[in-house]
Amino acid sequence: MSIKRISIPQDFILGAAASAWQTEGWSGKREGQDSWIDLWYKNDRHVWHNGYGPAVATDFINRFREDVALMKQAGLTHYRTSINWSRFLIDYENAVVDETYAAWYDELFAEMHRQGIEPMICLEHYELPGTLLETYGGWGSKHVVELFTRYAEQVFARYHKVVKRWFTFNEPIVVQTRVYLDALRWPYEQNTGTWMQWNHHKVLATAKVVKLFREKGYSGSVGCILNPEVTYPRSRAAHDVRAAEIYDLFYNRVFLDPLVHGRYPQALFSLLAQHDVQWEYNEQELALIADNTVDELGINLYYPHRVKAPSRAWHPETPFHPAYYYEPFELPGRRMNKSRGWEIYPRIIYDMAMRIKNDYRNIPWFVAESGMGVENESQFRNRDGVIEDDYRITFISEHLYYTLLAREEGANCHGYMLWAFTDNVSPMNAFKNRYGLIEIDLDNQRARRPKKSASWFRQLRDERVLALILDEEWK
C-alpha cells in the first residue's frame, strides 16, 4: 500500500451539481406548469421507488438558504443546477415570465454570491414543458426550438449580470433515448426517426442560443453538458471494434461532433439513410450549427460502456435500433457498485480527457457529474449519527486523480463536480440510491446532515492536495 499525492490548481473547480426538478419541489407551482418529468410522475407514479418524485424532492425552493450554507460548509466553489423552463414562464408562446418564480432565482443567486459560490446554470435538465410535448410533440417540433430560444432570451436578459456560465442542456440525448429509442419511459414509443429529430433539434437549439447570446454581447460563455459513454470493445478483433465505433457514433458523436466541430459525422447520415430512418433538416440549419459551436463542454461520467459484435440476428419486423450493430459486454472481474449495477472504472475520465484533447480541438471542459449512488446508506451511520461513506471518498479520490493527471498531461480540463451535493430524486430510482455529500432524512421532514465525505471534501478544497491511497487492487 502506498500514497500518491497530486496537487489541485487554485483555479480548478471543486463543485457539485443538481437540477431544478430533482431538488426544488412543486411548492408554488401553478396549474399548467408541469414539465415532461412531472407528467411522467403523474402518469406513472408506480415506477418511482416508494412513490417519491419531483413533487417535494428536497424542498430546495423553501430551504435554499440552509442548503447554500451547507454548500459553503462542504467547500463547494461552484454549484450547477437548472432553471425549470416549465415554471419560469406562464405563457410559452410569448415567453411571459412567472415573476414569482423568477424572483426566487434572484434570491438564490444573491445568496450563492454572498456565500462565495459561483452558479452555473442549465436552461433545460429534462424540464421540457409538458404542454409542448402534448401539443407539438416536444423536441420533434421546430416550433419548440423557437420557443426555447424565446425562453433563453428572457433568462439571459434577467440574469446575465449574475450568471456567467450557461449551458443549454444537461444530457440532451437521454430523454429521447429512454422514450423513443428504448421505450422505457413515458409515453413509451419506439421510433428511431423521432429520436434523431429530437437530437437534431437540441443541437439546433444550442446553436441558436449561442448565436443569441453572442449577438446580445453578454459576457460569459454558453456550453452544453453531455454524457458521452466511454466505450470499449470486447476485443481488438475488427468486428468488436466496429461495434464500439457504431455505439460511439450514435450515442456520443451525434452531439460531440456538431457542438464542437459544427458538423455531424458523415457516417451517421449514411447509416440512418441505410436503415430508412426519416428526420428533417436543411442546409440553413446545418450552416447555423457550423457557425455557432459551443464555448465549453461539461462531461458527465459515471461508468464505462463495453460492447461486442452482435451474436444474434435482428428480427425483421423490429424497427431499426443502433443495437442492430452491438451487444453489451460484461468484463469478467470488473469492480462494481452493486447498488447501482454500474462498473467502477476511474480511468474513463483520463481516456475521455485524451479524446477531447486529440479529437475535439482540446476545447475547454470540466467533469460536470461524477458520483456514487449507494442504497441503504443508514447502515453506515456511526454513533454520532454521521454516515461514514468511505466508499464515496474512495470513488471521488480515484476519479479526481485521473482528472488531475489528464490535466497535467495537457487536457484542457477546468474542474471536477460531484453528483450530487445532497441526496436527491433520480428518475424512477427516486431516493433509493443516495449520492450526496449531505444526507436528506425522509423520515424527519427532510432534515439535512453532512456525511463524512462533506468534511473530507471541504478539507480537499482548503488544502488543494489529493492524497490517494493505492493498493494492489487499485486500477
Side-chain angles (χ1 to χ4, degrees), residues 17-42 48 52-64 67-68 79-109 111-112 119-135 138-139 144 147-159 162-163 165-172 174-175 185-186 202 205-206 209 224-225 298 368-369 419-422 424-427 430:
S19 72
W21 78 266
Q22 288 169 290
T23 55
E24 291 176 8
W26 291 352
S27 178
K29 183 163 72 76
R30 300 171 188 259
E31 185 177 351
Q33 288 185 319
D34 284 335
S35 65
W36 163 75
I37 206 130
D38 294 335
L39 291 183
W40 175 23
Y41 180 63
K42 288 182 175 181
W48 295 70
Y52 287 110
V56 180
T58 68
D59 197 29
F60 183 64
I61 203 161
N62 292 313
R63 305 181 69 158
F64 72 94
D67 282 352
V68 172
Y79 179 67
R80 176 176 69 86
T81 188
S82 59
I83 290 175
N84 190 330
W85 177 12
S86 67
R87 294 193 62 175
F88 189 75
L89 302 177
I90 55 176
D91 180 340
Y92 304 117
E93 300 290 337
N94 299 299
V96 178
V97 174
D98 183 327
E99 289 297 333
T100 301
Y101 184 69
W104 179 81
Y105 271 97
D106 291 330
E107 293 185 53
L108 172 63
F109 296 147
E111 184 66 14
M112 289 179 66
M120 303 166 74
I121 299 298
C122 283
L123 296 172
E124 200 246 57
H125 190 136
Y126 311 169
E127 296 125 347
L128 169 74
T131 186
L132 300 187
L133 177 65
E134 295 173 325
T135 305
W139 286 105
V144 169
L147 297 184
F148 182 74
T149 307
R150 295 174 196 173
Y151 153 64
E153 186 172 16
Q154 292 292 344
V155 171
F156 291 155
R158 183 160 189 138
Y159 303 120
V162 293
V163 177
R165 308 273 290 269
W166 296 97
F167 304 91
T168 50
F169 298 96
N170 177 83
E171 299 182 346
V174 165
V175 174
R185 296 180 182 175
W186 182 86
K202 288 182 180 181
T206 296
V209 169
C224 191
I225 309 292
E369 290 181 21
W419 189 271
F421 163 58
T422 65
N424 55 34
V425 174
S426 294

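- The two residues Pro172 and Lys202 come nearest to each other via the heavy atoms O-NZ, 2.9 Å.
- Formation of a donor-acceptor pair under 3.5 Å by the Ser86 side chain with backbone atoms of Pro129 is not found in this model.
- When each of Gln33, Arg30, Glu24 is tested with Tyr101 by the rule side chain to side chain donor-acceptor pair (under 3.5 Å), just one qualifies, namely Glu24.
- Salt bridge annotation for Asp98-Arg87: absent, with no cationic side-chain nitrogen under 4.0 angstrom from a carboxylate oxygen.
- By the 6.0 Å and 45° rule, Lys42 does not stack over the aromatic ring of Trp36.
- Under the 4.5 Å side-chain criterion, counting only non-hydrogen atoms from C-beta, Pro119 is not in contact with Tyr79.
- Taking CG of Leu133 as the reference point, atom CG of Asp34 lies at 11.5 Å (rounded to 0.5 Å).
- Nearest heavy atoms, Tyr105 versus Ser82: OH-O, 2.6 Å.
- Inter-residue side-chain proximity for Phe60 and Asn424 is flagged as unmet; no heavy-atom pair is nearer than 4.5 Å.
- Put simply, CD1 on Ile83 and OH on Tyr159 are 5.5 Å apart, with the number rounded to the nearest 0.5 Å.
- Note that the CG atom of Asp67 and the OG1 atom of Thr58 stand 6.0 Å from one another [nearest 0.5 Å].
- Aromatic pair Trp186/Tyr41: ring centres not closer than 6.0 Å.
- The closest side-chain heavy-atom distance from Leu39 to Glu134 is below 4.5 Å.
- Side-chain atoms of Leu132 and Leu147, non-hydrogen and from C-beta on, do get closer than 4.5 Å to each other.
- Between the CG atom in Asn94 and the CZ atom in Arg150 there is a gap of 7.0 Å [rounded to 0.5 Å].
- Closest approach of Phe169 and Cys224 over heavy atoms only: O-SG, 3.7 Å.
- Atom CG of Asn170 is separated from atom CD of Glu369 by 5.0 Å, given to the nearest 0.5 angstrom.
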Begin from the C-alpha positions of Leu108 and Val68 and carry the test side chain to side chain contact (heavy atoms under 4.5 Å, CB included) through to its verdict. CA-CA 9 Å; Leu108 172 63; Val68 172; 4.1 Å; yes
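- Taking 4.5 Å as the limit, some side-chain heavy atom of Tyr92 sits within range of a side-chain heavy atom of Thr131.
- Between Leu123 and Phe156 there is a side-chain heavy-atom pair separated by less than 4.5 Å.
- Residues Asn84 and His125 fail the side-chain proximity criterion, which asks for heavy atoms closer than 4.5 Å.
- Salt bridge absent: Glu153 and Arg158 never bring a charged side-chain N and a carboxylate O closer than 4.0 Å.
- The minimum heavy-atom distance between Phe88 and Ala102, with the atom names listed, is CE1-CB, 3.7 Å.
- Residues Pro427 and Trp40 are in side-chain contact: their nearest non-hydrogen atoms beyond the backbone lie under 4.5 Å apart.
- Expressed to the nearest 0.5 Å, how far CG of Asp91 lies from CG of Leu89 amounts to 8.0 Å.
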Dump the intermediate steps for side chain to side chain contact (heavy atoms under 4.5 Å, CB included) on Leu128 and Val144, then the final yes or no. CA-CA 9 Å; Leu128 169 74; Val144 169; 4.1 Å; yes
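- Ala57 approaches Gly25 most closely through the heavy-atom pair CB-N, 3.9 Å.
- Residues passing the ring-ring contact (aromatic ring centres under 6.0 Å, His included) test with Phe64 are Trp104, sequence neighbours excluded.
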Chi angles and distances behind the ring-ring contact (aromatic ring centres under 6.0 Å, His included) call for Trp139, Phe148: CA-CA 10 Å; Trp139 286 105; Phe148 182 74; 5.3 Å; yes
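- Side-chain contact of Glu171 with Tyr126: a donor-acceptor pair under 3.5 Å is present, judged by distance alone.
- Under the 3.5 Å distance criterion, the side-chain polar atoms of Tyr52 are left unmatched by any main-chain donor or acceptor of Ser426.
- The heavy-atom pair separating Asn62 from Ser27 by the smallest distance is ND2-OG, 3.4 Å.
- Glu127 places a side-chain N or O within donor-acceptor distance of the main-chain N or O of Trp21, the cut-off being under 3.5 Å.
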